[in-house]
Protein chains: 2
Amino acid sequence: MTADIWDVVIVGAGLSGLSAAHLLTKRDAKLRILILEGKDRVGGRTVSSEIPAADGADRWDFGGQWVGSTQTHIMELIKELGLEVYPQFNDGKKVLHVGGPASRVRTYRTSIPALSPLVLLDFIQMLWKFDRLCRTVCVQDPLRTPNAAELDSMTVHSYIEQHAWTEELKEQMGVCSRSVFGVEPSQMSFLFFLMYAAAAGGLLALLESTPGCAQEFKIKGGTQQLSECLAQQVGWKNVRLGSAVMAIWQDGEWARVMTTSDTFLCRAVIVTCPPHLAAKIQYQPALPSMREFLTQNMPVGHMMKFIVTYQTAFWKEKGFSGEIVAGSSTDCPFCVTFDATSPRGNPALVGFISGQQATLWSARELVCFISSPRFVLKDWTKEEFSGGCPVNVMAPGLLTFYQPSLRKPCGRIHWAGTETATRWCGYMSGAVQAGQRAALEVLAEVSHVVLTAEEQESLIQAPSLKIHPLQLRVISVCDHKQLF
Amino acid sequence: MTADIWDVVIVGAGLSGLSAAHLLTKRDAKLRILILEGKDRVGGRTVSSEIPAADGADRWDFGGQWVGSTQTHIMELIKELGLEVYPQFNDGKKVLHVGGPASRVRTYRTSIPALSPLVLLDFIQMLWKFDRLCRTVCVQDPLRTPNAAELDSMTVHSYIEQHAWTEELKEQMGVCSRSVFGVEPSQMSFLFFLMYAAAAGGLLALLESTPGCAQEFKIKGGTQQLSECLAQQVGWKNVRLGSAVMAIWQDGEWARVMTTSDTFLCRAVIVTCPPHLAAKIQYQPALPSMREFLTQNMPVGHMMKFIVTYQTAFWKEKGFSGEIVAGSSTDCPFCVTFDATSPRGNPALVGFISGQQATLWSARELVCFISSPRFVLKDWTKEEFSGGCPVNVMAPGLLTFYQPSLRKPCGRIHWAGTETATRWCGYMSGAVQAGQRAALEVLAEVSHVVLTAEEQESLIQAPSLKIHPLQLRVISVCDHKQLF
């Protein structure tokens with residue numbers, strides 16, 4: 001047993017943890033910062049690997065891969081680290097296959113799917129409703145949203161059932177839910193869904209690959225480079241891989257962060273792992289019950305991602321973009337595919353098996369009859385210290401009462417990770433924003449570095465640090481005798 | 001580090017774990033059985049304590065307290081252990097206070113609340129609908145329920161919003177949800193709610209104190225005696241208190257059950273703690289992702305229970321039963337109270353602060369102006385190795401895909417606890433049933449004791465041990481080329 005002393009210990013060497021470390025180091029080079037990571041690599045939910053390709057071998061992203069120009073936090077980081085982006089290829093015909101195996105395969109060229117006039121009208125009225133509701137959502141403090149309790153009391157499925165006119169649109173919304181969150185519309189609070197879309201600037205921003213949207217660009221060389229470059233800047237000597245944190249104990253003087261072999265003393269801790277993993281850490285003293293209730297009820301998505309490389313981009317030759325949108329079906333495992341041809345020109349497709357399809361297909365051997373032998377699939381539920389992807393969602397009834405615990409520090413423990421972001425929550429950009437916000441919280445406590453007025457304002461305004469309005473009313477307990 | 005060798009290690013010395021141990025010991029006295037418990041007492045979610053009373057001091061239950069004649073598993077255990085039951089007192093006027101602080105306090109004498117004719121009609125049509133749906137639920141395998149996916153895709157709140165006509169009934173259903181589950185109607189799958197009611201024989205059985213219902217009897221001397229008597233029979237030397245299990249590792253030969261100080265080798269493990277605590281144990285190899293998804297999404301109820309003792313039972317003197325049903329209000333913390341006068345005649349009331357009311361009230365100091373100084377409150381979220389009460393519910397979308405993992409053994413690990421019961425799930429009786437079922441599973445594996453034909457049949461029929469029907473279809477992966 002060793003007992004090293006540090007200023008800040010960060011749990012998790014993904015984008016959020018490394019962004020926090022990077023900001024801390026930039027602002028106060030004297031801070032002693034240690035990053036503990038359970039995996040044997042940095043990057044968290046981003047990982048880039050080399051696989052066989054047309055010209056020998058090439059590199060693809062098997063986790064988070066897309067960024068967009070409105071994702072300012074990640075775009076600034078990309079620029080700072082000197083990396084390059086390139087647009088997602090989406091020219092040509094797209095394929096839509098919903099309505100079951102026997103239904104017709106349709107093609108279209110616009111960003112709006114090839115829907116019949118009635119379904120198109122349904123789609124437009126639905127988008128209009130979502131958009132109008134999104135604009136009422138207070139992302140910082142979702143409880144201030146008009147009708148918050150009502151919107152949080154229903155699943156996305158229930159809202160769609162009540163407001164979609166056609167079965168086809170209902171099926172399409174299932175595809176959206178699976179491809180964005182890795183869960184079914186039945187598993188998510190409708191208010192959470194609205195908040196998530198609002199944090200990205202609207203629902204279409206989540207779905208599209210057009211400018212400003214979530215699937216606009218990819219990063220040359222892969223997204224894991226972001227974490228590798230950050231680790232380089234922070235200093236690899238401060239990053240300990242294969243060091244899973246088992247317990248965090250706090251007393252008046254120190255926080256003690258424990259792995260199976262070591263104990264680290266520090267003045268502040270930033271926990272960046274997804275909520276369902278943060279819940280597995282043993283805390284002493286116990287965390288407030290609100291925080292426990294929250295992390296008990298934020299299911300992580302179930303998403304498998306595959307890359308298939310080919311000798312030729314046969315889809316482009318035939319005038320297709322590579323985009324396929326497929327409804328839930330027992331005959332086809334994936335929900336969406338896109339062109340994934342590498343910057344070097346190696347043809348590939350990327351696709352996702354997600355939500356109930358992932359559950360169904362991961363339960364049995366996934367025997368692949370795909371014509372290329374170059375099919376590589378990553379099941380994030382099987383990855384240790386992830387257990388799922390891309391994001392933890394919130395079940396109904398959670399935002400209404402427990403959300404204030406999401407970012408509220410617990411003594412010396414500060415919370416980061418993309419789930420705690422208020423802009424592009426759930427995305428790489430959100431991971432960076434959350435890491436930077438947690439770093440500012442820590443600087444305000446442990447460092448003599450002066451925060452800018454704007455930074456101080458941002459911390460004061462954060463509802464995580466305030467008492468919740470519902471808790472403000474002074475209430476007296478009624479006397480039993482008055483009731484009889 | 002010691003490394004003791006045992007036949008069976010049971011995690012949790014509550015009713016489920018001790019019932020399992022009791023059955024194992026009765027059937028094969030040679031089995032070496034060890035029970036590990038994190039708390040410093042047996043009884044799990046049952047605990048009986050002495051508090052000041054009219055004649056000096058008396059004993060009350062601060063956890064599970066009621067049993068009913070249709071709860072065959074617990075009634076047989078009570079008989080076997082030589083304990084006595086006595087009926088819940090419910091003679092006299094009952095008090096109903098819903099509709100906000102300004103609304104009229106109403107009284108009634110029947111088991112049906114004092115509702116206006118319209119609300120009464122609404123209540124009857126709602127009960128009729130629940131009852132009809134309950135009868136279609138397959139408790140053993142909820143997926144076989146007609147429209148299972150649809151019923152599991154909505155919250156209880158959504159169903160009530162769609163089917164209740166009056167605001168007052170909606171409020172009443174909130175009280176039901178809080179008093180039975182400790183959660184709001186927004187936090188629960190409607191299919192789970194139906195399954196839970198079906199496992200008890202119908203919704204009214206959950207709500208009433210009439211014969212056969214959940215609140216029919218109490219146990220003289222308190223419910224914790226059940227666990228204490230069982231521990232006595234199993235042998236206190238085989239029960240280790242203050243021994244929280246941190247990890248369970250399995251290899252070809254052994255399961256290794258680890259506390260912070262000891263490792264125990266065994267041939268089978270029965271984990272009886274509630275799902276949110278079972279999820280905190282470190283498992284090697286990792287549990288199947290289905291099991292992880294399930295336990296990540298089964299929130300535990302938030303319930304505080306209080307006992308107030310008085311010099312005289314002033315409510316009885318005035319012709320009241322002691323029963324108060326109160327809607328959610330910021331002026332009154334509790335949802336229900338009942339008479340809790342002890343068998344020795346010490347007057348008392350018992351009440352519950354639950355769901356959102358518990359969240360609201362536990363967040364601030366609960367300043368009590370109650371006229372008696374003899375007010376004792378138990379907040380189960382603050383109790384280590386419980387973290388909530390009375391039961392873990394299921395969020396929407398969970399039963400549909402992940403429920404088969406609830407009882408399905410993982411290698412040498414078998415699952416018990418009242419949440420895994422199929423009769424009176426969530427109750428003490430369910431805890432006993434689940435413990436006995438897990439014990440039979442273990443006997444079938446580790447003991448030469450012959451199970452009866454009936455016992456074998458019950459194990460074979462258990463869907464936990466079968467492949468799920470959804471997983472049976474052999475499906476081929478489609479060829480991408482066919483789509484372009």
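By convention in this document, chain letters (A, B, ...) are assigned in the order of the sequence lines, proteins followed by strands, and residues within each chain are numbered from 1. The figures here come from the full heavy-atom set of this structure, side chains too, leaving out hydrogens, waters and symmetry mates.
Annotation for B:K280 and A:Q282: closest pair O-NE2, 3.9 Å, computed over non-hydrogen atoms. Smallest separation of non-hydrogen atoms from A:H302 and B:S289: CE1-OG, 4.5 Å. Here the closest heavy-atom approach between residue B:S186 and residue A:P396 is recorded as O-CB, 3.2 Å. B:T155 approaches A:S153 most closely through the heavy-atom pair OG1-O, 2.6 Å.
The distance from atom OG1 of B:T400 to atom CD of A:Q356, rounded to the nearest 0.5 Å, is 8.5 Å. From A:N297, atom CG reaches atom NE2 of B:H276 across 12.0 Å, with rounding to the nearest 0.5 Å. Annotation: the span from A:M154 atom CE to B:H157 atom NE2 amounts to 6.5 Å, rounded to 0.5 Å.
More than 12 heavy-atom neighbours from other residues, nucleotides or ligands sit within 6.0 angstrom of CD on B:E317.
Of the atoms belonging to B:E161, it is side-chain heavy atoms, and not backbone ones, that fall under 4.5 Å from chain A. Proximity to chain A (any heavy atom under 4.5 Å) is shown, for B:E184, by neither the backbone nor the side chain. The part of A:Q162 that comes within reach of chain B is its side chain, from C-beta onward, which places non-hydrogen atoms under 4.5 angstrom from that chain. With a 4.5 Å cut-off on non-hydrogen atoms, B:V300 touches chain A through its backbone and its side chain both. If you measure heavy-atom distances from B:M188 to chain A, you find no contacts under 4.5 Å at all.
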**Item:** Residues B:F293, A:T381; criterion side-chain contact (heavy atoms from CB on, under 4.5 Å); working and verdict
**Value:** CA-CA 9 Å; B:F293 285 126; A:T381 62; 3.5 Å; yes
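The candidate with the highest count of non-hydrogen atom pairs below 4.5 Å against chain B, out of A:A279, A:A395, A:A286, A:P185, is A:A279.
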